[in-house]
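Side chains are part of it too, since the values below use all heavy atoms of this structure and drop only hydrogens, waters and symmetry mates. Throughout, a chain's letter reflects where its sequence line sits, starting with A, and its residues are numbered from 1.
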Amino acid sequence: MGDYIFKEIEKKWQQFWEKEKIFKAEVSDRPKFYCLEMFPYPSGKIHMGHVRNYTIADVYSRYKWMQGFNVLHPMGFDAFGQPAENAAIKNKTRPDIWTHKCIEWMRSELKKMGFSYDWDREISTCDSDYYKWNQWIFLKMFERGLAYKKASAVNWCPSCQTTLANEEVVDGGCWRCHTEVKQKELEQWYLKITDYKERLLEDLKQLKHWPQRVITMQTNWIGKSQGVEIYFRQKESNKVIPVFTTRVDTIFGATYIVLAPEHPLVAEFIKGKPQEKEVAKFIAKVAKESKVVRASSEINLVKECWATQENKGVSNGLKKEGVFTGAYAVNPVNNEEIPIWIADYVLMEYGTGAIMAVPAHDQRDFLFAREHKLPMRMVIQLSDVSCQLTSDSMTEAYEGDGIQVNSRQFNGLANQEAKIKIAEWMEQTGIGKIQTHWRLRDWLISRQRYWGTPIPIIYCLKCGIVPVPYADLPVELPKDAPFTGEGGSPLEKVKEFVEVSCPKCKSKARRETDTMATFFDSSWYFLRFCSPKYKEAPFDVKEAKYWMTVEQYIGGIEHAILHLLYSRFFTKFFKDLGMVDFDEPFQRLLTQGMVLKDGEVMSKSRGNIVDPDAIIKKYGADSLRLFILFAAPAETELEWDDRAIEGAYKFLKRVWRIKNNLKEKADPAIVRVLHKTIKKVSEDFQELKFNTAISSLMELTNAIYLSGADKEVFSKLVILLSPIAPHFSEELWQILGNKESIVKAGWPAYEPNLLIEENITIVIQVNGKLRSRVEIPVDTEEKKLKEIVLSDDKLKPWLKGKPIKKFIIVPKKLINIVV
RNA sequence: GCCGGAGUGGCGAAAUGGCAGACGCGGCAGCCUCAAAAGCUGUUGAGGGCAACCUCAUGGGGGUUCAAGUCCCUUCUCCGGCACCA
């Protein structure tokens with residue numbers, strides 16, 4: 001019979017699946033399963049990262065189909081974004097035309113992989129049917145005060161000519177083009193994600209099946225820290241200076257306080273003092289250093305500059321510069337007068353912009369105090385009396401736990417206990433207030449770009465900011481906009497778009513020309529997939545109730561913060577609107593590893609890209625799928641290997657040949673191996689451990705090569721292989737005489753009785769070292785077993801003349817004799 | 001600096017505390033062939049031994065245990081996240 005001609009086979013079955021709508025998802029009374037992968041940006045070509053991501057999801061979906069679930073496995077395109085504009089400038093085309101061309105091409109490439117999508121549910125975020133609902137959601141948020149406009153210094157990418165969210169600044173550069181990010185004062189739209197900070201943090205606990213590292217990253221990003229705001233006063237003016245600390249137990253050790261250079265009270269404090277000039281000079285100098293350098297991750301660069309310095313035991317390599325203001329503050333717990341300094345290591349945007357400095361117990365304060373010869377006082381002592389710290393002998397701050405000293409009525413308490421007691425005492429006396437600070441900031445969504453969702457807002461001279469009425473949605477992007485590549489949004493230059501009449505008073509008004517960050521689009525697409533053509537709302541509440549939540553979500557780790565945090569935020573917002581009844585959209589998350597070539601990420605600039613299309617042409621999609629699953633566990637990095645893909649292809653051919661040599665009746669031994677394999681593959685699929693599932697399928701195949709298989713055994717092998725190599729398996733399934741798709745064949749069950757072996761091999765160790773093994777019937781009694789073992793010739797030299805101290809029996813496995 | 005994760009043959013990798021290296025790639029040998037390709041069968045951690053077999057091996061050093069790649073302590077290296085966050 002025929003050879004394995006993957007080209008014909010793959011085309012045939014792709015057409016079959018599409019025509020027969022095998023993977024159509026419809027609400028039914030069967031148990032549902034929603035398997036979702038992060039939808040791609042339509043750049044035109046798929047890369048190995050897509051192949052890996054979507055193959056993992058596809059195998060799992062097909063496995064769920066075969067188990068009898070009603071599976072929702074949709075695909076769409078995250079189609080807004082800057083490359084379309086860049087292409088428009090470069091190729092003198094329109095972004096919509098370019099994007100749709102890319103989508104078409106990409107869709108055909110995905111189809112060549114044989115993925116089991118319900119293509120009837122395809123969405124593109126750049127279609128007004130979709131982005132209309134972005135605008136709808138924005139308006140709902142606007143009504144509730146969750147979308148607001150604010151002037152502030154924002155991250156600005158000079159190359160993309162647009163603003164960036166904090167989450168989009170990576171190592172001080174633009175996440176997309178890596179250009180150094182600048183600060184710019186602008187009026188911009190924000191979403192009040194901070195209103196959800198408690199829930200975003202708290203509900204992480206519900207995510208039992210998310211990778212720990214994603215949970216940790218989000219926790220850090222939200223950055224909750226609990227402490228006390230303490231009210232110091234300036235000596236002369238009696239002005240309150242609030243200071244935030246998480247270490248209220250060290251309050252008696254505060255020997256000076258430090259304000260950020262931008263702190264609003266600074267000017268007042270230095271006025272008329274001899275220090276005035278020097279302080280002003282210092283502030284000017286700090287202001288010149290860009291905020292990016294001081295506050296963002298570009299610190300890495302600065303760190304390198306300081307790397308040559310001696311910085312043993314230093315918590316960070318930055319030098320701390322500062323000046324004395326000439327003013328004094330009063331410590332409210334002991335009325336001590338302490339100097340007020342200004343330093344660049346205190347940031348205005350965190351806490352209150354002022355700190356109490358405790359050099360003995362904070363490393364940064366320690367370094368600063370040493371540099372400027374400021375006093376130091378121990379207030380936490382080691383609990384070990386034989387080993388006590390003194391402020392003179394310390395080479396670094398002691399930040400650990402201990403016993404309170406020099407702390408008046410709190411002396412002798414453990415510092416953790418004192419922390420609570422002091423905080424309570426401060427609340428009672430009004431010295432301070434228990435408070436929580438957060439790292440999370442509101443989400444900046446304005447972009448000065450064309451290819452995105454227009455923000456549905458109109459500016460009227462009389463009425464101010466006016467939302468576009470729901471009935472007027474969508475605010476459509478004008479198709480013809482001038483793409484010059486010069487600064488500013490092309491939308492500003494489209495008169496018909498900008499010039500409108502006010503929806504309220506009908507007078508002349510101006511339309512907002514900013515568009516939304518594309519992460520807005522992807523924050524709710526998983527809900528749209530439940531009812532992609534719904535016309536009344538972003539999604540049909542009834543359909544979403546059936547399909548949501550997503551049982552398995554699969555995508556790259558690069559979205560651990562951005563997309564996954566925003567999606568969680570939107571879900572909570574929809575819950576508040578009463579549209580969904582759950583807190584979290586994604587039950588289980590798998591972050592797949594990257595595909596590398598020669599130890600490096602595949603990229604155009606490195607020139608090490610392996611094109612999936614070329615591999616499909618040479619070996620077929622099934623071999624590619626098999627290889628990419630087999631080469632490494634799903635979560636770890638995968639090294640592309642040109643030779644190993646050949647191995648995958650060989651394996652398929654090897655299975656293919658079995659059909660020519662089927663026996664009438666297979667040996668019972670092979671049937672037992674089959675059932676073992678069914679068990680192993682089922683368990684591994686459930687845990688998305690495809691590499692070991694495949695290796696057990698290879699073992700079964702090897703066993704069949706040794707002793708042969710009958711039709712029954714071979715059919716089962718083909719079924720087990722079908723989620724991985726679907727075209728290949730459908731073809732064999734048909735050759736075996738089946739009329740229906742193998743997807744409908746059902747997932748095989750294993751017979752537990754067949755897994756029980758009659759004879760088992762027991763390993764015998766002497767003093768933990770392997771010395772012999774015996775084969776015995778499963779039900780051998782311990783006494784008998786002991787007899788057999790002790791008469792084993794191989795053991796004689798090891799046991800001779802030595803008394804047996806212990807005889808350990810691990811049932812059905814191992815015996816260890818200790819002599 | 002803090003928080004995660006990882007270090008196992010030439011390579012990708014397996015191992016509920018119980019035979020380390022399953023499965024595959026590559027290598028070597030053989031069969032088939034005029035030859036090649038394809039395929040099939042062996043073999044393949046290191047060292048020693050004619051052999052049966054022995055010794056050593058999961059980044060390093062300690063420990064717990066009858067038994068450790070796996071648990072604990074310590075240390076080194078690499079990767080990722082956060083970072084003058086008070």
Name the orientation of the base relative to the sugar in B:G9: syn if the glycosidic angle is within 90° of 0, else anti.
-> syn
Same-atom distance (C1') from B:G26 to B:U64, integer angstrom = 41 Å
Look at the side chain of A:Arg625 and the backbone N and O of A:Ile724, then say whether any donor-acceptor pair between them is shorter than 3.5 Å.
-> yes
Roughly how far apart, to the nearest Å, are B:U65 and B:C3 at atom C1'?
-> 32 Å
Of B:G42, B:A86, B:A13, the nucleotide closest to the side chain of A:Leu706 is B:G42
At under 4.0 Å between heavy atoms, what does A:Gly647 touch on the DNA or RNA strands: base, sugar-phosphate, or nothing?
-> sugar-phosphate
Across the strands shown, which category fits A:Arg657 at heavy-atom distances under 4.0 angstrom: base, sugar-phosphate, nothing?
-> sugar-phosphate
A:Asp401 side chain to A:Asn415 main-chain N or O, any donor-acceptor pair under 3.5 Å?
-> no
Does A:Asn702 put a side-chain nitrogen or oxygen below 4.0 Å from OP1 or OP2 of B:G24?
-> yes
Would you kindly give the CG-to-P distance between A:Leu629 and B:A13, to the nearest whole Å?
-> 14 Å
Assign A:Asp365 to base, sugar-phosphate, or nothing according to its heavy-atom contacts below 4.0 angstrom with the strands shown.
-> nothing
Candidates B:C23, B:G81, B:C84 - which lies nearest the side chain of A:Met217 = B:G81
When you compare B:G27 with B:C32, how far apart are their P atoms, in angstrom units rounded to a whole number?
-> 22 Å
Take the protein atom CD of A:Glu639 and the nucleotide atom P of B:C79, then report the distance between them rounded to whole Å.
-> 16 Å
Name every residue in residues 806-815 of chain A that has at least one heavy atom under 4.0 Å from any atom of RNA chain B, in order of residue number, or write none if there are no such residues.
-> A:Lys806, A:Ile808, A:Val810, A:Lys813, A:Leu814
Mind checking who B:G45 pairs with, Watson-Crick or G-U wobble, both distances under 3.5 Å?
-> B:C56
Mapping A:Gly353 and A:Lys689 to their closest nucleotides on RNA chain B, which lands nearer the 5' end?
-> A:Lys689
Which nucleotide, in any strand shown, forms a Watson-Crick or G-U wobble pair with B:C78, with both distances under 3.5 Å?
-> B:G5
Let me know the distance between NE2 of A:His437 and P of B:C82, rounded to the nearest Å.
-> 22 Å
Out of B:G81, B:A22, B:G12, minimum distance to the side chain of A:Glu699 belongs to B:A22
B:A6 OP1/OP2 closer than 4.0 Å to side-chain N/O of A:Arg213 = no
Rounded to whole angstrom, note down the P distance from B:G47 over to B:A57.
-> 15 Å
Of the candidate nucleotides B:A13, B:G24, B:C19, which contains the atom at the shortest distance from the side chain of A:Val763?
-> B:C19
Which whole-number value in Å describes the distance from A:Glu687 CD to B:A14 P?
-> 15 Å
Residue matched to B:C19 through Watson-Crick or wobble contacts both under 3.5 angstrom | none
May I ask you to evaluate whether A:Lys769 reaches the phosphate of B:C56, defined as a side-chain N or O under 4.0 Å from OP1 or OP2?
-> yes
Donor-acceptor pair between A:Tyr4 and A:Ser623 side chains, under 3.5 angstrom | no
Just the table, please: protein N/O against nucleotides 44-54 of chain B N/O, every pair under 3.5 Å.
unit_1, atom_1, unit_2, atom_2, d
B:C54, OP1, A:Arg771, NH1, 3.4

Across the strands shown, which category fits A:Val818 at heavy-atom distances under 4.0 angstrom: base, sugar-phosphate, nothing?
-> sugar-phosphate
So what does A:Gln765 touch, heavy atoms closer than 4.0 Å: a base, only the sugar-phosphate, or nothing?
-> base
Are A:Ser225 and B:A86 close enough that a side-chain N or O sits under 4.0 Å from OP1 or OP2?
-> yes
By the Watson-Crick or G-U definition, both distances under 3.5 Å, B:U33 is matched with none
Ignoring hydrogens and angles, answer whether the base of B:C66 and the side-chain atoms of A:Asn816 contain a donor-acceptor pair closer than 3.5 Å.
-> yes
B:U8 and B:A46, which share atom name C1', separated by this distance in whole Å | 14 Å
Carboxylate-amine/guanidinium contact A:Lys689 A:Glu683, below 4.0 Å | no
At under 4.0 Å between heavy atoms, what does A:Gln212 touch on the DNA or RNA strands: base, sugar-phosphate, or nothing?
-> nothing
At what distance, to the nearest 0.5 angstrom, does OH of A:Tyr256 lie from CG of A:Asn331?
-> 14.0 Å
List the atom of A:Asp344, the atom of A:Pro261, and the distance in Å for their closest heavy-atom pair.
-> CA-CG, 4.3 Å
Expressed as a whole number of Å, how far does the C1' atom of B:C82 sit from that of B:G10?
-> 38 Å
Confirm from the modelled atom types if A:Arg643 and B:C25 form a donor-acceptor pair under 3.5 Å, side chain to base only.
-> no
Interatomic distance, A:Glu229 atom CD to A:Ile434 atom CD1 [nearest 0.5 angstrom] = 12.0 Å
Under 3.5 Å, side chain of A:Thr352 to main-chain N/O of A:Pro242, donor-acceptor pair present?
-> yes
Where do A:Phe368 and A:Trp341 land on the ring-ring contact (aromatic ring centres under 6.0 Å, His included) test, with the steps shown first?
-> CA-CA 11 Å; A:Phe368 191 80; A:Trp341 282 66; 5.6 Å; yes
Taking the P atom of each, how far is B:A67 from B:C19, in whole Å?
-> 14 Å
Aromatic plane relationship, A:Trp640 with A:Phe627 - under 30° parallel, 30 to 60° tilted, over 60° perpendicular = perpendicular
Does the separation of the ring centres of A:Phe685 and A:Phe690 fall below 6.0 angstrom?
-> yes
Look at the side chain of A:Tyr705 and the backbone N and O of A:Arg654, then say whether any donor-acceptor pair between them is shorter than 3.5 Å.
-> yes
Counter-base of B:G10, judged by Watson-Crick or G-U geometry with both distances under 3.5 Å | B:C25
Could you walk me through whether A:Glu321 and A:Lys285 pass the salt bridge (charged side-chain N to carboxylate O under 4.0 Å, His left out) check?
-> CA-CA 11 Å; A:Glu321 289 188 68; A:Lys285 191 185 138 211; 2.7 Å; yes
Which part of the nucleic acid does A:Asn691 contact within heavy-atom distance under 4.0 Å: base, sugar-phosphate only, or nothing?
-> sugar-phosphate
Complementary nucleotide of B:U65, counting Watson-Crick and G-U pairs under 3.5 Å = none
What is the distance, rounded to the nearest whole Å, between atom CD1 of A:Ile658 and atom P of B:C40?
-> 10 Å
Between A:Phe366 (CZ) and B:C84 (C1'), how many Å, whole number?
-> 16 Å
Among B:C40, B:C25, B:C82, which nucleotide sits nearest the side chain of A:Arg654?
-> B:C40
Between C1' of B:A86 and NE2 of A:His263, the distance in whole Å | 13 Å
Within the structure shown, what part of the strands sits under 4.0 Å from A:Lys650 by heavy-atom distance: base, sugar-phosphate, or nothing?
-> sugar-phosphate
Rounded interatomic separation in angstrom, taking CD1 from A:Ile557 and C1' from B:A6 = 14 Å
Output yes when A:Glu349 and A:Arg441 qualify as a salt bridge under the 4.0 Å nitrogen-oxygen rule, no when they do not.
-> no
Which whole number of Å gives the distance between the P atom of B:C79 and that of B:U74?
-> 23 Å
